[in-house]
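Before any comments, here is the structure.
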Amino acid sequence: MEYGTLYVVATPIGNLEDITYRAIRTLQEVDIIAAEDTRHTLKLLNHYKITKHLISYHRHNEEAKSEELISKLKEGKKIALVSDAGTPGICDPGEQIIHRCLEEGIEIIPIPGACAFVNALICSGLETQSFLFLGFLPLNKKNRKQKLEQIKNSEQTVMIYEAPHKLKTTLQDLKEVIGNRKVVIARELTKIHEEFIRGTIDEIIEKTENIKGEIIILIEKSEKEVEKKDFSEISLEEHFSYYEKQGIDKKEIIKKIAKDRNTSKNEIYMYFCNK
Ligand code: SAM
């Protein structure tokens, strides 16, 4: 018998209209929907008048349920995996069943759609070219410190998910390690009270007293390296690769190098042309 397929389907992060035609068609056509919280998913299905057999698949039963889903996929069933909001596997269950499908040679198809951090990033005003998504910060002291250090040194925009009642503590922890850097809070994306709050950590702590709803913290990349770096002490190749690692295109790199070294673009351009 031919194996079925697992469809990993993104659902809205608030506004029920944020779902693709393809996602709706997939949810209509599959045999089973594996949902993080079946009651939550029912609201979405009712909105789109979809009636389907639902199986619960959440953090606490991920292992056992993965096996149940695998046997159904092996019987040829088509299954859609959804989480409560956004993209499954992004701070939501999904990884386990995907690993098992890969082990068993079962096809997995992503059905793209909403993901909270992507939408926070694109409207944050921070650099979007290169970023680091860390999910929720660990609560364990040692692991948390490690992540905070990683944020401190990150030359990419950093994004973390956080619960509103923990925002103040997290901002204080952040300030202690990274300093009073610029951050953006993206709140209640796609919902009535959607907003972006921008400022230094101190300003944000003041502005977000009693904040409610779903939030994402975005942190401006570290400029430390750039400020401290004495470019005259490194070779042109190292200088080039410093910017290349940030995903900057060649023309822009040449412009930046010339500025850093107080020389002409042409001189830098000729150097690399003659190599
Ligand atoms: N799978 C989801 C995704 O694709 O983004 C993330 C699920 S995770 C359990 C929930 C966290 O995502 C929330 O605590 C919040 O940090 C963030 N989040 C989800 N929806 C959001 C929204 N509408 N506005 C802001 N943040 C949101």
Side-chain angles (χ1 to χ4, degrees), residues 6-20 22-23 26-27 33-41 43-44 47 56-62 65 80-98 108-126 128 131-139 144 147-148 151 157-171 173-174 183-199 201 204-205 207-208 210-219:
L6 179 75
Y7 297 88
V8 184
V9 183
T11 58
I13 54 167
N15 189 324
L16 288 185
E17 290 181 0
D18 292 329
I19 186 160
T20 67
R22 187 169 170 228
T26 304
L27 294 174
I33 298 175
E36 186 182 5
D37 178 344
T38 50
R39 279 169 311 174
H40 189 99
T41 299
K43 285 185 207 150
L44 177 76
H47 184 83
S56 94
Y57 178 88
H58 51 73
R59 284 239 180 277
H60 307 291
N61 69 7
E62 216 173 339
K65 284 293 172 171
L81 174 70
V82 298
S83 62
D84 284 356
T87 303
I90 302 296
C91 290
D92 271 341
E95 257 178 84
Q96 184 106 13
I97 178 73
I98 282 154
I108 313 161
I109 297 182
I111 309 291
C115 177
F117 80 78
V118 174
N119 293 285
L121 178 66
I122 56 173
C123 291
S124 67
L126 301 178
T128 55
F131 56 85
L132 174 67
F133 172 63
L134 293 176
F136 290 95
L137 283 185
L139 296 177
R144 192 171 172 92
K147 289 285 172 201
L148 291 169
I151 297 173
T157 302
V158 181
M159 287 170 288
I160 51 180
Y161 283 168
E162 191 49 286
H165 64 280
K166 293 188 187 154
L167 178 63
K168 189 170 178 186
T169 312
T170 298
L171 288 175
D173 289 353
L174 273 167
V183 295
V184 178
I185 304 297
R187 183 174 93 90
E188 291 285 272
L189 294 176
T190 78
K191 306 185 206 176
I192 298 170
H193 299 293
E194 175 179 284
E195 66 175 330
F196 286 84
I197 312 167
R198 300 177 171 86
I201 295 183
I204 297 288
I205 290 177
K207 288 183 195 173
T208 56
N210 303 320
I211 193 168
K212 293 197 173 53
E214 296 196 279
I215 51 163
I216 301 159
I217 308 173
L218 301 100
I219 303 142

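Start at 1 and go down the list; that is how both ligands and their atoms are numbered.
Between the side chains of Asp92 and Thr87, no donor-acceptor pair of N or O atoms lies under 3.5 Å.
Using a 4.5 Å heavy-atom threshold, the side chains of Leu134 and Met159 count as separate.
Near ligand 1, Ile13, Ala85, Gly86, Thr87, Ile90, Cys91, Asp92, Cys115, Ala116, Phe136, Tyr161, Glu162, Ala186, Glu188, Leu189, Lys191, Glu214, Ile215, Ile216 each place a heavy atom less than 4.0 angstrom from the ligand.
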Legend entry - side chain to side chain donor-acceptor pair (under 3.5 Å) evaluation trace for Arg39 with Ser56: CA-CA 9 Å; Arg39 279 169 311 174; Ser56 94; over 6 Å; no
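To the nearest 0.5 angstrom, Leu81 atom CG is 13.5 Å from Tyr7 atom OH.
Ring geometry for Tyr161 against Phe117 counts as tilted: the plane angle lies between 30° and 60°, on a 0 to 90° scale.
For Glu188 and Lys212, the salt-bridge test fails: no basic side-chain N is under 4.0 Å from an acidic carboxylate O.
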